[in-house]
A.B. asks: 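Before anything else, here's the structure in question.
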There are 2 protein chains.
Amino acid sequence: MATKLLIVDDEPNICESLRLYLENEGYEVKIANDGVEGVSYFKMYEPDIVLLDIMMPRKDGWQVCREIREVSSRPIIMLTAKGEIFDKVLGLELGADDFIVKPFDMKELSARIKAVLRRYSSHDSAGDDEVVKFDNIEVSRQKYELKLCGKSVDIPPKELELLYFLASNYNRVFTRDQLLDKVWGFDYLGDSRTVDVHVKRLREKLEGVSDKWVLKTVWGVGYKFELLQ
Amino acid sequence: MATKLLIVDDEPNICESLRLYLENEGYEVKIANDGVEGVSYFKMYEPDIVLLDIMMPRKDGWQVCREIREVSSRPIIMLTAKGEIFDKVLGLELGADDFIVKPFDMKELSARIKAVLRRYSSHDSAGDDEVVKFDNIEVSRQKYELKLCGKSVDIPPKELELLYFLASNYNRVFTRDQLLDKVWGFDYLGDSRTVDVHVKRLREKLEGVSDKWVLKTVWGVGYKFELLQ
DNA sequence: ACACCAAGTTCACAATTCGTTCATTTTGGC
DNA sequence: GCCAAAATGAACGAATTGTGAACTTGGTGT
């Protein structure tokens with residue numbers, strides 16, 4: 001599967017030349033033309049990496065970065081015009097992963113994208129393992145392994161998939177139906193209460209592991225993996 | 001509000017047993033007895049999902065499917081008799097969402113309806129996140145989440161909907177009846193005092209959070225979310 | 001072929017939360 | 001002070017979620 005890349009920039013020429021070059025490199029590219037569009041495209045498209053301009057109408061790059069970080073930890077590279085005031089500290093605080101100054105060399109951008117993706121995907125182990133880590137918890141989708149407080153814990157596949165999905169989309173609420181869609185698959189035929197039971201069994205395993213996150217019920221809506229504070 | 005379902009089939013017994021079962025499941029069911037009727041009922045009734053027989057007098061299911069797809073993308077499940085020649089590829093091209101072979105198990109049909117609706121509805125909900133933000137407060141309609149001073153606070157669905165409505169129409173006064181209309185729905189039957197109680201509970205949660213806005217009573221009229229200064 | 005086991009699912013019932021109503025008290029306008 | 005409007009507190013019923021246990025299924029080993 002191709003790596004999905006989202007460009008958020010209000011200058012059409014830049015967007016197009018980026019798309020041309022990056023699609024040629026094998027990425028699947030989507031473009032958003034301002035900040036507001038950027039945030040909503042992010043949620044819809046779920047890209048693997050974001051190239052984010054700072055100066056934009058409607059909503060600037062800093063704000064977009066902030067809002068993306070509320071729901072995801074996917075890597076973000078900030079694009080900044082030469083001469084533009086650029087606060088690196090702010091960028092780091094907001095969780096950007098890298099910066100590049102316009103006009104930039106395509107080759108350099110490409111290299112930075114690869115570097116960031118590499119860093120991101122090898123948070124811990126080798127290869128492109130999909131791992132989610134928070135305080136005292138580590139979920140590896142590839143190894144189908146759950147580690148609590150550093151110790152490996154047995155867990156059935158479906159429970160792990162559910163936990164992985166919720167944790168990698170932390171702070172966001174999903175209805176039972178959405179979870180059936182995303183974790184069980186769009187063609188799943190079955191009762192939505194199945195989700196309840198898996199959540200319950202997950203909670204038994206996760207009980208008392210950390211006070212920095214919880215598997216929370218949002219009454220009348222569904223469930224979410226919530227990071228506290 | 002009940003999910004509206006349209007059955008297009010020329011066999012009265014099948015229609016009736018379907019109606020019986022599906023109404024019991026909570027759907028609002030309408031029946032069309034042939035293809036021509038099917039198309040015109042679709043336009044009038046605007047169902048959320050269609051069960052469509054293929055072999056029918058006057059106009060067959062393929063044609064009906066084609067005509068519905070010209071005006072709508074609502075989900076369609078094709079009903080096909082055992083032994084009938086059935087072209088899955090054609091079905092997909094025409095935009096049918098699922099197929100089931102007669103005679104079918106009611107439970108399976110029910111499961112397929114749910115699955116198709118689930119797929120369909122989690123499609124269009126991915127749009128813009130509706131968030132309202134003011135000093136120290138943030139209300140997300142999509143996430144059903146209230147944040148005060150950056151921290152997530154538990155809140156029942158109805159209270160959140162009310163708060164979201166008032167905050168997104170700040171400085172404007174609404175009578176209790178208007179609020180019942182907009183938040184509870186035009187067909188709500190009940191006491192307007194209900195609004196008072198929800199406002200009261202909201203005030204308990206919002207107390208002391210900010211001095212830049214307030215949930216204000218307009219005596220003799222109703223309530224408003226007022227921005228100060 | 002058979003029993004066995006674990007994962008996944010379904011089901012029935014218990015516990016909880018919410019929305020609503022109602023009775024009572026408090027407040028605001030005149 | 002009087003009256004209507006609004007705030008409040010308590011309580012009920014309905015809807016939602018939690019939970020334990022039974023059932024189904026697919027894989028394993030005998």
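Order of the sequence lines fixes the chain letters, A, B, ..., with proteins taken first and strands second; residue numbering starts at 1 for each chain. These values consider heavy atoms only, across backbone and side chains, with no hydrogens, waters or symmetry-generated copies.
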A.B. asks: Quickly work out the A/Trp184 CH2 to C/dG8 P distance and round it to whole Å.
C.D. replies: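 Nearest whole value for this atom pair: 9 Å.
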A.B. asks: Take A/Arg203 and A/Thr217 through the side chain to side chain donor-acceptor pair (under 3.5 Å) test and state the conclusion after the steps.
C.D. replies: CA-CA 11 Å; A/Arg203 283 177 173 153; A/Thr217 301; 2.7 Å; yes
A.B. asks: Hey, which sits more toward the 5' end of DNA chain D by its nearest nucleotide, A/Val197 or B/Lys200?
C.D. replies: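 On the 5' side of the pair lies B/Lys200.
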A.B. asks: Counting side-chain heavy atoms from C-beta on, which of D/dG20, D/dA11, D/dA6 comes nearest to B/Thr217?
C.D. replies: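 Within the option list, the nearest is D/dA6.
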A.B. asks: Given D/dA7, D/dT17, C/dG8, identify the nucleotide with an atom nearest to the side chain of A/His198.
C.D. replies: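 When the side chain of A/His198 is considered, C/dG8 is the closest of D/dA7, D/dT17, C/dG8.
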A.B. asks: Within 45° of the six-membered ring axis of B/Tyr45 and under 6.0 Å from that ring's centre, is NZ or CZ of B/Lys30 located there?
C.D. replies: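 Pair B/Lys30/B/Tyr45 counts as cation-pi.
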A.B. asks: What's the closest nucleotide to the side chain of A/Arg176 if the choices are C/dA7, D/dT17, C/dG19?
C.D. replies: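 Among C/dA7, D/dT17, C/dG19, the one nearest the side chain of A/Arg176 is D/dT17.
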A.B. asks: Tell me whether the side-chain N/O atoms of A/Tyr188 come closer than 4.0 Å to OP1 or OP2 in C/dG8.
C.D. replies: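 Answer is no, no contact under 4.0 Å.
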A.B. asks: Do A/Asp60 side-chain atoms and A/Gln63 backbone N/O form a donor-acceptor pair below 3.5 Å?
C.D. replies: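 Side chain of A/Asp60 to backbone of A/Gln63, a donor-acceptor pair under 3.5 Å: yes, one is there.
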A.B. asks: Roughly, in whole Å, what's the span from CG in A/Asp196 to C1' in D/dT19?
C.D. replies: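 In whole Å, D/dT19 C1' and A/Asp196 CG are 10 Å from each other.
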A.B. asks: Whole-Å distance between C/dT9 P and A/Leu202 CG?
C.D. replies: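 Result: 13 Å.
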A.B. asks: In this structure, how many angstroms lie between the C1' atom of D/dA6 and the CG atom of B/Asp177, rounded?
C.D. replies: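 Rounded to whole Å, this separation is 15 Å.
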A.B. asks: Taking 4.0 Å as the cut-off, does a side-chain nitrogen or oxygen of A/Tyr223 come that near to OP1 or OP2 on D/dT16?
C.D. replies: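 For D/dT16, neither OP1 nor OP2 has a side-chain N or O of A/Tyr223 closer than 4.0 Å.
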A.B. asks: Closest heavy-atom contact between A/Lys4 and A/Glu46?
C.D. replies: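 Taking every non-hydrogen atom into account, CE-O, 3.5 Å.
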A.B. asks: How long is the line joining CG of A/Leu180 and P of C/dT9, in whole Å?
C.D. replies: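 My rounded result for the distance is 9 Å.
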A.B. asks: Return yes if the base of C/dT20 and the side-chain atoms of B/Arg201 contain a donor-acceptor N/O pair under 3.5 Å, otherwise no.
C.D. replies: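 Per atom types, the contact qualifies.
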A.B. asks: When A/Phe225 is tested against each of A/Phe174, A/Phe165, A/Trp213 for ring-ring contact (aromatic ring centres under 6.0 Å, His included), which residue passes?
C.D. replies: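 So, applying the ring-ring contact (aromatic ring centres under 6.0 Å, His included) to A/Phe225 and each of A/Phe174, A/Phe165, A/Trp213, only A/Trp213 qualifies.
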A.B. asks: Starting at CZ of B/Arg203 and ending at C1' of D/dT8, how long is that distance when rounded to a whole Å?
C.D. replies: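 Going from B/Arg203 (CZ) to D/dT8 (C1'), I get 12 Å.
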A.B. asks: Would you say a side-chain N or O of B/Arg193 is under 4.0 Å from OP1 or OP2 of D/dA6?
C.D. replies: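 Checking D/dA6 against B/Arg193, a side-chain N or O does come within under 4.0 Å of OP1 or OP2.
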A.B. asks: Measure CD1/A/Ile155 against C1'/C/dA6 and give the value in whole Å, please.
C.D. replies: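 Atom-to-atom, A/Ile155 to C/dA6, this comes out as 14 Å.
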A.B. asks: Check the phosphate of C/dC11 against B/Lys107, side-chain N and O only, distance under 4.0 Å to OP1 or OP2. Yes or no?
C.D. replies: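 B/Lys107 to C/dC11 OP1/OP2: side-chain N or O found under 4.0 Å.
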A.B. asks: Output the rounded distance in Å from CG (B/Asp191) to C1' (D/dA6).
C.D. replies: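 Checked: the CG to C1' distance equals 13 Å.
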A.B. asks: What does A/Val221 touch in the nucleic acid at a heavy-atom separation under 4.0 angstrom: a base, only the sugar-phosphate, or nothing?
C.D. replies: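 Counting heavy atoms under 4.0 Å across all strands, the contact made by A/Val221 is with sugar-phosphate only.
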